[in-house]
Amino acid sequence: MTLRALHERARQVLDPVHYDFMAGGAGEERALADNERAFDRYALLPRVLRGHARRDTRVDLPGAPGAGPVVVAPTAFHRLAHPDGERATARAAAAEGAVLVTGTAATVTVGEVTAAARQAAKDAAVWFQLTLHPRPEVTEALVRRAEKAGCTALVVTVDAPVFGRRPRDLRNGFTDLPPGLAAENMRDLPGSPPGALTDIPMSPALSWSDLDALLATTALPVLVKGVLHPADAELAVAHGAAGVVVSNHGGRQCDAVPAAVDCLPAVVDAVAGRVPVLLDGGVRRGEDVTVALALGATAVGVGRPVLWGLAAGGETGVRRVLAELRDGHDHTLALCGGGRNADLTRDMVVRRGGTR
Ligand SMILES: Cc1cc2nc3c(=O)[nH]c(=O)nc-3n(C[C@H](O)[C@H](O)[C@H](O)COP(=O)(O)O)c2cc1C
Ligand SMILES: O=C(O)C(=O)c1ccccc1
């Protein structure tokens, strides 16, 4: 099944309210639409006769040496898509050599997620996405859970000082998980009542000093996710981030922002090779991976396509999505005369309908 067919199947099998939660974005969904459209505006200018007989598209990421170039971006509530939820996603990512970012809003505990990943591949890398809690002791408890589970990096989401306003969810009245599902990592945290807690507090009071505090409590590498402005990328590196994720949260936060991939080159320039730069938002085919890497990304994240694969076919569906993106990129790299991702350079990306 193609990625498009998996999406169509997912739309058929999902509760329409949950489909809307996954597919939708903030405001008029302009940022959401632009993430995908932006890739249509880039074209690749292959180089020829480069003599690379073999290819290797693996990348080195914090806590994940030799990982595939496609990372599973953190998305909330996988058990809405499939009864096995994040367990199925973890097995699929591990089997395909992809880093899985599980997180604060997972419906399976981080310990069960890492166990499922390791069962599928003993060297599987799982990262933990963290929503910084206004009370530092809560954040710290989450970090301890991720460390104990064997996560090899943390990803701090910084583009959600407040929750985005999403018209589809407001119209559908989607405010809570169905009975039996919960944000399992949020159970029994310090100062919270025992039992399930689906409410993940966001805080506009957070600042770079909260990142400093986090870095002081963990030895894990910490990536900062949700950077669009090059000055923030510079700050993230200066504060000790091990990586920067260029992302507009899949168009789910501020609707007025540009497509994530359009923000990538300026961030890559600001970071100047000091740490890896990842890109997520709108990656839907192997060629999109190639374009992002040619523009300077070390790896890309995918959100919704993984949810469509999960809803349509559980572990198998997710494996299809990850394999298709990885193999599509490998094939495009070959067509561009490359043997390694580093053979893709920015001069090989031009505007469609013109030359630069
Ligand atoms: C249903 C859904 C839930 C998400 N939940 C989170 C989350 O809990 N934390 C986070 O940092 N990003 C979250 N994201 C954003 C993704 O990590 C990623 O930035 C985005 O999905 C990438 O765009 P794409 O869906 O076009 O690939 C979510 C995205 C979706 C679609
Ligand atoms: O929906 C999202 O984009 C998201 O980031 C999120 C975070 C916490 C709980 C639910 C969703």
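Residue numbers start at 1 and run along the sequence shown. In each ligand, atom 1 is the first atom listed, and ligand 1 is the first ligand listed. No hydrogens, no waters, no symmetry mates; every other heavy atom, side chains included, goes into these values.
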Nearest candidate to atom 1 (C) of ligand 1, where distance is taken over non-hydrogen atoms, out of Gln253, Arg252, Arg304:
Arg252
Atoms in ligand 2 flagged as close to Phe21, the criterion being non-hydrogen separation under 4.0 Å:
1 (O)
Atom 23 (O) of ligand 1: the protein heavy-atom neighbour that sits closest, reported with distance to 0.1 Å
Gly281 CA, 3.3 Å
Checking heavy-atom distances from atom 22 (C) of ligand 1 to each of Val306, Asp280, Leu32, the winner is Asp280
Quick note on ligand 1: atoms under 4.0 Å from a heavy atom of Leu307 include exactly 1 (C)
Protein contact of atom 27 (O) of ligand 1 - nearest heavy atom, named by residue and atom, plus distance
Gly303 N, 2.8 Å
List in chain and number order the residues that pass salt bridge (charged side-chain N to carboxylate O under 4.0 Å, His left out) with Arg166, two or more places apart in sequence or in another chain; answer none if no residue qualifies.
none
For atom 13 (C) of ligand 1, which of Ala73, Ala23, Pro74, Gly103 has the closest heavy atom?
Pro74
With heavy-atom distances below 4.0 Å as the criterion, list the atoms of ligand 2 near His249.
2 (C), 3 (O), 4 (C), 5 (O)
So is Arg166 touching ligand 2 or not, going by heavy atoms under 4.0 Å?
yes
Numbering the atoms of ligand 2 from 1, which are under 4.0 Å from a heavy atom of Ile200?
8 (C), 9 (C)
Gly240 and Leu215: which non-hydrogen atoms are nearest, and at how many Å?
O-CD2, 4.0 Å
If you count the atoms of ligand 2 from 1 in the order shown, which ones are under 4.0 Å from a heavy atom of Ala76?
10 (C), 11 (C)
Any idea how Phe21 and Phe174 line up, ring-wise: parallel (<30°), tilted (30 to 60°), or perpendicular (>60°)?
tilted
Would you sort out whether Glu96 and Arg91 count as a salt bridge (charged side-chain N to carboxylate O under 4.0 Å, His left out), showing the intermediate values?
CA-CA 9 Å; Glu96 297 299 337; Arg91 289 192 296 265; over 6 Å; no
Salt-bridge present (Arg41, Asp262; N to O < 4.0 Å)
yes
Considering only heavy atoms, which of Lys225, Met22, His78, His18 lies nearest to atom 31 (C) of ligand 1?
Met22
Suppose I only count heavy atoms of Phe163 and a 4.0 Å limit; which atoms of ligand 2 are within that range?
6 (C), 7 (C), 11 (C)
Ligand-residue contact atoms, ligand 2 with Phe77, heavy atoms, under 4.0 Å:
9 (C), 10 (C)
